[in-house]
Novice: 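Okay, here's the structure, questions in a sec.
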Amino acid sequence: MKMTEEMLSQVRGSIRHAKNSAFYQKHFEGIESDDIKTLDDFRRLPFTDKDDLRGAYPMGLCAVPTDEIVRIHSSSGTTGTPVIIPYTQKDVDDWAIMFKRCYETAGITRADRIQVTPGYGLWTAGIGFQLGAELLGAMAIPMGPGNTDKQIRMMIDLRTTVFTATSSYALLIAEEIEKRGVRDQICLKKGVIGSERWGAKMRKRIASELGVELYDIYGLTEIYGPGIGINCDMSESMHIWTDYMYFEIINPKTLEPVKDGESGEIVITTLQKEGAPLIRYRTHDLTREVIEPCPCGSDYPRIDAIIGRSDDMVKVKGTIIFPSKVDEFLAGVKDASSEYQIMIDHMNGRDQMTLFFETKLKPGAERQALEKEVEQGFKKSIGILAKIRAVSIGELPRSEKKTTRIFDNRY
Ligand code: ZN
């Protein structure tokens, strides 16, 4: 993306500051911030990846004296060493300012009541939604995840107007409200749905079942947390807060910048972070920059909704499979819901792929015919023959965190 002279000077400042950390002292050995005179110089800097952050465990990223740290967060890793991100008071405040800006971009005001269902704790999600709501002056209802009975009861009794969740938890709540027939007691107007890839079909379903406007919020624990970008009323692309971060889009294979507007991986450099500044951090999230100015008039640049992760791509029998492609394919199948899972196994010397998807159709001839239709359509649009298993609505797990769609059991 465009880099102004002012940003370039902020980048230099960030590099100078980052080199106070044990990690960047080593990672940027021999690199002086004053050597970075142009965007091209900047693009020659080495990337920082999640494994680097793991290697810096526990406090190797810390670029200030530790008594200036007021909080730590840790990014969710299913395996191995966690990543610890230390925050100064300014980092916490900046995050709240960005989050408030997200709410405002979504037309949320101090009159709103915001029910926060993402988790609290080491994971950054819940507390970020809370901070932004309080700074805005709205009423925060800090539920955290789970306990659907209580969620719905609070939603009714406290007249919640804004619901914040992961897409899969939003779907679960929408289904429960439908099942209990309490929709006319719900005052929801908007949903802010956090940072995971979700297809158009799922979005439509949550929006129509809850009867709300949905907003897609972006972020990751390594860079503050959720709240570093959100879509506005005029567009489904997300505005990003480039006064705090510089965004690049690179080709994840060649690691070169893509052409303007092409899809690639988001790489972020923090411009103001004190506790754990990151330079050219590879997010592995895939999207593209939207070049056209937004009809809403905001000067903040836009990125499209996240289409997947560069490490979510799986290769089966020589074919690359992308969760977003499967979303798109299922969106076009009339009786298939947006929920699916793919299992990849290695059996009898061969890779075997099974697609499970949910349908309202009852077991029997109709469901079998649907499976046949999906098998042929899948082969045609994804390019691979898979075993197809239709299951009933609600049978596949809904997650309170991020939904995993593809399970690769081969290794
Ligand atoms: Zn806009």
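As the structure lists them, so they are numbered: ligands from 1, and atoms in each ligand from 1.
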Novice: What's the count of protein N, O or S atoms under 2.8 Å from the Zn ion (ligand 1)?
Specialist: 4
Novice: When you check the gap from the basic side-chain N to the acidic O, do R302 and E236 get nearer than 4.0 Å?
Specialist: no
Novice: Mind checking what makes salt bridge (Lys or Arg N to Asp or Glu O under 4.0 Å) contact with K317, not counting sequence neighbours?
Specialist: none
Novice: Check this for me, if you would: do R101 and D243 make a salt bridge, where the nitrogen-to-carboxylate-oxygen distance has to be below 4.0 angstrom?
Specialist: yes
Novice: A side-chain contact here means heavy atoms from C-beta on lying under 4.5 Å apart; do I173 and F163 qualify?
Specialist: yes
Novice: Assess whether atom CG of D157 is packed by more than 12 heavy atoms of other residues, nucleotides or ligands within 6.0 Å.
Specialist: yes
Novice: State whether K334 and E366 are salt-bridged, where the test is any N-O pair (Lys NZ or Arg NE/NH1/NH2 against Asp/Glu carboxylate O) under 4.0 Å.
Specialist: no
